[in-house]
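Hydrogens, waters and symmetry mates are skipped; everything else that's a heavy atom, side chains included, is used.
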Amino acid sequence: MIRILLADDQRLLRAGIRGILDDEDDLHVAAEAADGRAALAACRELRPDVVLMDIRMPGMDGLEAARRIAADEQLAAVKVVMLTTFDLDEYVYGALRAGATGFLLKDTEPAELLHAVRVAARGDALISPSVTRRLIAEFADRPDNAREPDQRLDALTSREREVMRLIAAGRTNDEIARQLVVSPLTAKTHVSRIMAKLGARDRSQVVVMAYEYRMVSPGWLTD
């Protein structure tokens with residue numbers, strides 16, 4: 001059972017999302033919160049698998065709450081998916097850098113919402129929707145987002161760098177395995193080692209780092 005925390009200041013929207021999620025046998029809304037501070041407290045108390053977090057809320061907003069969740073080692077297993085009204089929102093890129101798994105538009109179709117929650121619970125990056133890929137390409141390629149060389153990248157083997165580029169291109173483990181002609185288990189092992197060496201919370205952080213350190217360019221993103 002995937003346990004979910006809904007954090008949004010609009011009660012009607014929370015009710016609508018809860019209705020969609022609770023209709024599924026493998027999903028359960030464990031709690032709701034109307035602001036970031038309440039969401040953070042609920043995370044520490046309940047340790048949900050996934051948090052659906054609105055970016056703009058009164059008091060502590062969703063972005064700050066996501067940062068604090070990502071920075072808390074005791075909440076390392078909690079995956080945060082940001083909810084937003086806008087498909088190109090600079091706050092969303094900040095959330096990905098802070099450790100959020102991805103984001104969804106509030107008018108997302110129910111089937112995509114359900115898929116996103118399950119993907120996030122597995123620890124995969126929500127980079128399949130074209131809007132997410134476009135956002136990463138837009139903000140990660142800006143000159144002011146460039147980073148100085150990171151010694152952690154030096155620890156990656158040439159094959160791990162290749163796998164990291166494929167992760168940034170939105171490839172799943174199975175797709176990476178097929179492209180590199182290796183077993184799915186080998187691909188999964190490469191991904192796990194990359195995350196460990198980089199200290200990445202999940203695949204989304206690997207994607208962000210790949211762009212920030214210019215390992216890939218937006219041209220890698222294809223539908």
Side-chain angles (χ1 to χ4, degrees), residues 1-22 24 27-129 131-133 135-136 139 200-205 207-208:
M1 180 70 68
I2 299 172
R3 299 169 66 251
I4 303 157
L5 169 65
L6 289 179
D8 194 292
D9 60 331
Q10 299 179 45
R11 182 178 298 177
L12 186 60
L13 187 139
R14 294 201 310 269
I17 294 178
R18 174 186 276 272
I20 294 170
L21 297 175
D22 279 345
E24 301 296 307
L27 306 179
H28 170 63
V29 177
E32 298 182 18
D35 59 54
R37 195 172 302 280
L40 183 60
C43 278
R44 288 171 173 164
E45 178 183 355
L46 301 174
R47 310 289 173 85
D49 300 299
V50 177
V51 181
L52 293 176
M53 180 96 71
D54 187 17
I55 288 181
R56 294 180 175 86
M57 292 185 289
M60 182 189 294
D61 64 16
L63 182 58
E64 179 59 26
R67 285 193 184 115
R68 297 193 186 191
I69 291 170
D72 190 332
E73 293 184 358
Q74 294 184 342
L75 301 179
V78 177
K79 307 302 180 184
V80 179
V81 177
M82 306 304 297
L83 298 172
T84 180
T85 304
F86 306 102
D87 65 351
L88 282 180
D89 189 326
E90 294 196 42
Y91 288 113
V92 176
Y93 182 66
L96 292 175
R97 289 182 66 178
T101 294
F103 85 104
L104 288 170
L105 298 180
K106 288 188 176 182
D107 61 357
T108 292
E109 292 295 324
E112 187 173 345
L113 170 67
L114 297 173
H115 174 71
V117 170
R118 292 175 176 125
V119 168
R122 292 199 304 266
D124 292 337
L126 293 179
I127 58 176
S128 294
V131 63
T132 306
R133 298 199 303 272
L135 181 140
I136 293 173
F139 293 109
R201 181 181 174 89
D202 56 27
R203 293 171 76 105
S204 289
Q205 286 199 313
V207 172
V208 170

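- Expressed to the nearest 0.5 Å, how far CZ of R56 lies from OG1 of T85 amounts to 7.0 Å.
- We find the CG-CG distance between L21 and L114 to be 6.0 Å, quoted to the nearest 0.5 Å.
- Considering CZ of R118 and CG of L113, their distance stands at 9.5 Å, rounded to 0.5 Å.
- Taking both residues in full, the closest heavy atoms of M53 and A39 are given as SD-CB, 4.0 Å, listed atom of the first, atom of the second, then distance.
- The side-chain heavy atoms of V50 and L5, taken from C-beta on, include no pair separated by under 4.5 Å.
- To the nearest 0.5 angstrom, L13 atom CG is 13.0 Å from R11 atom CZ.
- D22 places a side-chain heavy atom less than 4.5 Å from the side chain of H28.
- The minimum heavy-atom distance between S204 and G102, with the atom names listed, is OG-N, 4.1 Å.
- Side-chain contact between V117 and E24: absent, with no pair of heavy atoms (C-beta onward) separated by less than 4.5 Å.
- Residues D49 and R3 have side chains in contact (heavy-atom distance under 4.5 Å, counting atoms from C-beta outward).
- When each of R44, R201, R67, R47 is checked for a salt bridge (Lys or Arg N to Asp or Glu O under 4.0 Å) with D72, only R44 meets the rule.
- The heavy-atom pair separating L46 from A30 by the smallest distance is CD1-O, 4.2 Å.
- Of all heavy-atom pairs spanning A42 and P48, the tightest one is O-CD, 4.3 Å.
- None of K106, Q10, R14 except one satisfies the side-chain hydrogen bond (donor to acceptor under 3.5 Å, both in side chains) rule with D54; the exception is K106.
- Heavy-atom minimum distance, P58 versus A34: CD-O, 4.1 Å.
- The minimum heavy-atom distance linking M82 with A66 is given by the pair SD-CB, 4.0 Å.
- In this structure, the side chains of T84 and L105 come closer than 4.5 Å at one or more pairs of heavy atoms.
- With values rounded to the nearest 0.5 angstrom, L63 atom CG is found 10.0 Å from M57 atom CE.
- Between L40 and I69 the shortest side-chain heavy-atom distance falls below 4.5 Å.
- In this structure, NE2 on H115 lies 11.5 Å from OG1 on T108, to the nearest 0.5 angstrom.
- Annotation: side chain of L52 is not in contact with side chain of D8 (no heavy-atom distance under 4.5 Å).
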